[in-house]
Amino acid sequence: MKKYGAVQEWDLSHDVANDSEDDDTSVPTITRNDSGGRFAPTWARGIVVLSAIALVLALSPNSHSASRGDSIVASTLTILGMADDNPYDNDHDVNEPLFYDDQLVNHFSKDPDASVATWSNRYYKSTKYFKGPGSPIFIIIGGEGALDHGMLYPFITEHLAPRFSAAVIEIEHRFYGPYQPIMGREATVQELLELLTPQQAMADVIRLTKHFKDELDCLDYDRKSELYCPVITVGGSYPGFLSAMFRLVYPDFVDIAYASSAPLKLYDQSASQYVYYDIVTQAAERLSAGCARAVRETLEGASKAIMESSTMEEALKSFNMCVDKVPDFINGLASLNENVMMSVSFSFANYDMDAYPPSKDLAMYKACQVFQTENANPVERLKNFLKFDSSEYQAESDGGSCFDLSAALSGSGNDDQMWDFQLCTTQINPIGCSNNSMFIPREWTLDSLAEYCQATFGVTPHPHALADALGFDDLVASGASRILFTNGLQDMWSGGSYLENVSDSILALNFENGAHHSDLSHVGPSDKDTDDIKEGFVQITNILAKCSAPLKLYDQSTDQDVYYDIVTQAAEHASKGCARAVRETLEDASKLIMHAKSVEDAVKSMNMCVDSIPEYIDNVKTLKDDVMMAVGFSFADYDMDAYPPGKDLGLYKACQVFQHKNHEPLEKMAKFFELVGLDAEFEEEYPSLVGEEAIPCFDLSIFLPDGENARITTSDWSGSGGGNDGKMWDFQLCTTVVDPIGFSSESMFPKRKWTYAALTDYCQKRYGKDVVPQPRALVEDMGFDDLVGNGASRILFTNGLQDMWSGGSYLENVSDSILALNFENGAHHSDLSHVGPSDKDTDDIRLGFVQITNILAKWLDEIKAESE
């Protein structure tokens with residue numbers, strides 16, 4: 001499938017009305033007139049206004065002509081061009097606009113003269129937290145609106161940027177805002193067909209980012225180089241779509257895409273046209289019970305009143321709409337009725353996108369209350385709603401203040417006009433109203449859109465051209481990877497996005513309370529955020545973050561027993577006597593489980609949910625083995641989070657359960673799993689089930705990965721985890737990421753030896769005979785079993801000595817430029833915590849921050865000296 005959609009190959013030029021080859025004067029411009037601006041198909045203009053609503057929320061805080069045989073790398077290099085070397089300025093005001101004067105007007109022109117034409121592209125930058133070459137760059141993508149107010153998203157600039165020592169650049173989309181590729185006159189339709197495309201906009205960003213990289217001395221494009229600066233694109237709504245496209249189309253330049261509220265399925269025409277307003281309806285009903293019925297009944301009654309009016313003027317006055325503010329295309333009662341109903345749906349769509357965090361202060365809630373007013377007839381309710389909605393559409397007429405229907409239906413200004421044009425060419429949004437919505441049912445049709453677009457611009461919409469050119473209708477088949485989709489489930493645009501993981505590297509996070517890219521708000525993380533969005537910030541950060549580096553486990557040189565031996569030592573460090581108490585309890589509990597009359601009796605004795613026990617556990621020995629494994633997994637999880645040391649840690653509390661003197665072994669097991677179930681992360685993902693006696697019980701299946709033939713004891717004896725993530729990690733450990741982890745007689749857990757034969761047997765039962773673990777394949781391919789011999793240098797390993805993964809890492813310097821720092825009190829990458837340096841850090845971690853900083857500074861100085 002062709003990745004780059006050439007404008008010429010789409011052959012859209014034939015869509016221009018009255019086009020001629022040589023006479024520029026015969027090419028229509030985008031100036032509207034009475035005939036060109038008429039709204040024969042009301043629905044088509046509805047799509048334009050809906051999308052304009054999205055751009056206001058997204059941006060206020062307020063085709064690519066490569067031949068089919070060209071490679072992605074070659075196409076990217078063609079765009080990069082040359083850029084000036086300018087030193088970056090940490091004192092620069094992030095809200096002060098900058099201009100890239102060498103942006104190409106047409107990146108894909110075959111005309112030598114046209115290919116050198118340039119324009120000034122507005123952008124913003126922040127290098128406040130940038131630590132030099134080797135650090136990442138976030139690109140915030142502009143969309144269908146001017147970027148007049150500086151940086152958009154504090155979550156990126158003030159949370160992720162310092163977390164990753166990253167630079168940030170925000171680039172305005174061509175043809176939006178006052179700085180245009182064509183200045184001094186209006187662009188012709190023919191010019192817009194060539195120049196106003198997602199492909200041209202992406203090429204702008206690639207070229208400007210190359211210039212920015214040069215400023216930052218990020219000159220190495222070899223991903224294996226320690227000086228390589230990874231690029232992460234970020235966008236919400238249409239820019240979210242563009243963010244995903246950057247990773248798909250330019251994977252050689254963009255490393256990760258973060259796409260919030262990105263409606264790819266609307267743009268590839270695979271989403272139902274009715275999902276949009278069905279979600280608006282559900283969101284309104286969720287905020288105010290009874291809203292949907294009240295709105296529908298009001299609109300039906302008001303529609304009848306309009307159609308029964310004697311004249312259009314009478315109908316307008318009955319709802320206090322401005323008589324002299326009616327668009328020319330409304331020429332009768334039927335047309336008036338149709339457009340009034342549409343304006344109501346547009347307003348609710350606007351309210352829905354801004355409906356976060358949920359409260360009675362939201363405009364959507366207040367709008368519902370207007371419709372739910374008792375003792376008012378449909379005409380009065382709609383009249384009151386238009387008055388409530390008139391702040392943006394307020395006008396003055398001879399009779400005083402009134403509702404400006406023309407302003408409500410039609411966008412105004414250049415930005416609206418440009419987006420209108422995009423929606424008439426390849427950026428097609430099929431959006432209709434079903435009978436299940438609270439609005440008057442209406443079907444969207446391509447014919448109605450085409451009629452409008454021909455009348456307005458003289459062009460024909462091509463609904464599949466964009467997906468055919470870019471290949472986003474099948475992301476996996478098109479080779480996409482490392483794309484994160486985030487969705488607020490109260491946002492109607494989520495109906496056109498990906499709500500489930502597409503692959504192990506194309507992920508989706510959904511927020512039950514979220515609206516339109518609520519994770520990328522213009523406020524940023526705050527106390528007002530709902531718990532799901534707060535957790536989302538952590539999940540997003542974790543997905544982007546790097547983990548500890550257990551190289552010696554993966555090269556098979558580490559003793560398999562070291563992992564749980566360290567867990568045992570960490571538990572004893574947290575609470576003296578813990579190791580013995582756990583070991584004795586597990587030994588006694590194992591015997592009691594084995595002597596139980598049935599699996600059900602054993603399960604009940606530990607207060608586990610009988611109905612949740614996986615089917616494969618059909619005997620007490622299998623139950624005993626997997627319960628013991630689950631205890632090991634849980635202690636391992638507690639150990640990774642055991643920093644800073646204190647009695648508030650899960651590891652300490654777990655020890656106290658086993659060290660309780662008055663509880664019997666199975667009672668301790670029940671108390672331990674109760675503690676596991678009360679963990680904030682577990683509780684959110686796996687709410688407690690209810691047992692036969694209506695007593696909360698523990699769901700053992702939380703440890704079970706997705707997929708057929710899944711078991712709690714998986715390929716990873718440190719714990720694969722549940723769900724799809726657990727399945728994907730389980731598969732990796734069945735192929736090349738093999739970590740040999742067993743239980744020694746010195747640990748506090750029942751002895752159990754890990755073997756390659758047992759791993760192979762498990763993996764083939766799980767995934768088929770073709771899947772055979774290859775424990776040496778990864779190291780033989782990458783050579784990390786002999787770092788010095790393979791020429792490695794400037795690598796810093798850091799380890800928390802209470803972290804069991806430290807047993808698989810380097811604890812001593814390998815050479816004078818492959819160094820190791822160890823922290824006695826540290827747990828799992830405690831130096832890279834999600835809190836950062838704070839007063840709660842132990843002295844060894846505080847010293848570590850200084851040591852890490854000094855080592856990196858020394859290496860950067862060496863690199864600079866080498867280049868001189």
Side-chain angles (χ1 to χ4, degrees), residues 548-591 593-594 621-642 650-652 654-655 657-659 665 668-669 672 676 703 711-720 733 737-762 773 775 799-812 822 824 826-828:
S548 295
L551 268 66
K552 289 189 173 182
L553 270 177
Y554 297 155
D555 75 7
Q556 315 301 300
S557 66
T558 294
D559 183 347
Q560 66 167 279
D561 296 330
V562 70
Y563 185 96
Y564 279 107
D565 284 355
I566 294 177
V567 173
T568 300
Q569 294 161 14
E572 189 69 12
H573 181 76
S575 180
K576 188 175 181 179
C578 179
R580 181 176 179 178
V582 171
R583 182 63 178 266
E584 290 177 350
T585 299
L586 296 184
E587 287 177 346
D588 292 339
S590 293
K591 294 176 183 178
I593 293 172
M594 291 299 295
K621 183 180 186 305
T622 302
L623 174 66
K624 184 262 295 181
D625 288 344
D626 278 7
V627 166
M628 295 301 115
M629 191 66 80
V631 173
F633 295 168
S634 300
F635 264 100
D637 280 344
Y638 285 138
D639 179 34
M640 284 195 289
D641 203 33
L651 184 61
Y652 176 83
C655 284
V657 169
F658 285 97
Q659 290 178 269
K668 291 181 180 180
M669 296 291 285
F672 172 75
V676 172
F703 297 104
R711 288 176 173 262
I712 292 172
T713 302
T714 67
S715 59
D716 183 6
W717 283 15
S718 73
S720 291
L733 272 75
V737 186
V738 178
D739 55 4
I741 296 175
F743 298 82
S744 76
S745 58
E746 302 298 318
S747 81
M748 61 187 182
F749 308 101
K751 183 177 179 180
R752 188 169 181 177
K753 185 178 181 180
W754 178 96
T755 67
Y756 175 77
L759 174 67
T760 302
D761 181 65
Y762 167 82
N799 308 285
L801 295 184
Q802 304 308 312
D803 175 22
M804 58 277 185
W805 291 105
S806 68
S809 185
Y810 287 94
L811 302 181
E812 296 179 355
N822 304 318
E824 181 61 33
H828 198 52

ask   = For the atom pair OG (Ser720) and CZ (Arg711), what is the distance rounded to the nearest 0.5 Å?
value = 13.5 Å
remark   = d(Lys751 NZ, Ser745 OG) to nearest 0.5 Å is 5.0 Å
remark   = Scanning both residues in full, the closest heavy-atom pair of Ile593 with Met628 reads CD1-CE, 4.3 Å
message = Do the side chains of Glu587 and Lys591 get close enough for a salt bridge, i.e. N-O under 4.0 angstrom?
response = no
message = Tell me if a side-chain donor or acceptor on Ser575 pairs with a main-chain N or O of Cys578 at a distance below 3.5 Å.
response = no
inquiry  = Run the side-chain contact (heavy atoms from CB on, under 4.5 Å) test on Phe703 and Ser634 for me, step by step, so that the C-alpha distance in whole Å, both residues' side-chain angles and the decisive distance to 0.1 Å come before the verdict.
reply    = CA-CA 10 Å; Phe703 297 104; Ser634 300; 3.5 Å; yes
message = If you define the side chain from C-beta out and look only at heavy atoms, does anything of Met804 sit under 4.5 Å from Val562?
response = no
message = One pair to check against side-chain contact (heavy atoms from CB on, under 4.5 Å): Asn822 and Ser806. What are the steps and the verdict?
response = CA-CA 9 Å; Asn822 304 318; Ser806 68; over 6 Å; no
note = Nearest heavy-atom contact between Cys655 and Phe635 is SG-CE2, 4.3 Å
inquiry  = Determine whether the aromatic ring centres of residues Trp717 and Tyr564 are separated by less than 6.0 angstrom.
reply    = no
request  = Look up atom CD in Gln659 and atom NZ in Lys576, then write down how far apart they are to the nearest 0.5 Å.
outcome  = 11.0 Å
ask   = Can you find a heavy atom in the side chain of Phe743 that is under 4.5 Å from one in the side chain of Met629?
value = yes
ask   = With a 4.5 Å heavy-atom cut-off, do His828 and Asp641 have their side chains touching?
value = no
query = Any side-chain heavy-atom pair from Asn799 and Tyr810 closer than 4.5 angstrom?
reply = no
Rounded distance (nearest 0.5 Å) linking atom CG of Leu801 with atom CD of Glu824 = 5.5 Å
query = Measuring from Asp639:CG to Gln802:CD, what's the distance to the nearest 0.5 Å?
reply = 7.5 Å
query = Side chains of Asp716 and Ser718: do they bring a donor and an acceptor to under 3.5 Å?
reply = yes
task = May I ask you to test the Asp739-Tyr563 pair for a side-chain heavy-atom distance under 4.5 Å?
result = no
Ala654 versus Phe672, closest heavy-atom pair with distance = CB-CE1, 3.8 Å
query = Would you say Val738 and Leu759 make side-chain contact, with heavy atoms under 4.5 Å?
reply = yes
request  = Check whether any side-chain heavy atom of Thr713 sits under 4.5 Å from a side-chain heavy atom of Arg752, and report yes or no.
outcome  = yes
query = Do the non-hydrogen side-chain atoms of Lys753 and Gln560 ever get within less than 4.5 Å of each other?
reply = yes
request  = Identify the heavy atoms of Phe658 and Ala581 that sit nearest to each other, and give their distance.
outcome  = O-CB, 3.5 Å
task = Heavy atoms only: give me the nearest Ile741-Trp754 pair and the separation to one decimal.
result = O-CB, 3.4 Å
request  = Would you give the length of the straight line joining atom CG of Asp565 to atom OG of Ser747, rounded to the nearest 0.5 angstrom?
outcome  = 6.0 Å
message = In this structure, is the centre-to-centre distance between the rings of Tyr638 and Phe633 below 6.0 Å?
response = no
message = Pair Asp561, Glu746 - check side-chain contact (heavy atoms from CB on, under 4.5 Å), show working.
response = CA-CA 9 Å; Asp561 296 330; Glu746 302 298 318; over 6 Å; no
task = Specify the closest pair of heavy atoms between Met748 and Leu586, including all atoms of both residues, with the distance to one decimal.
result = O-CD1, 3.8 Å
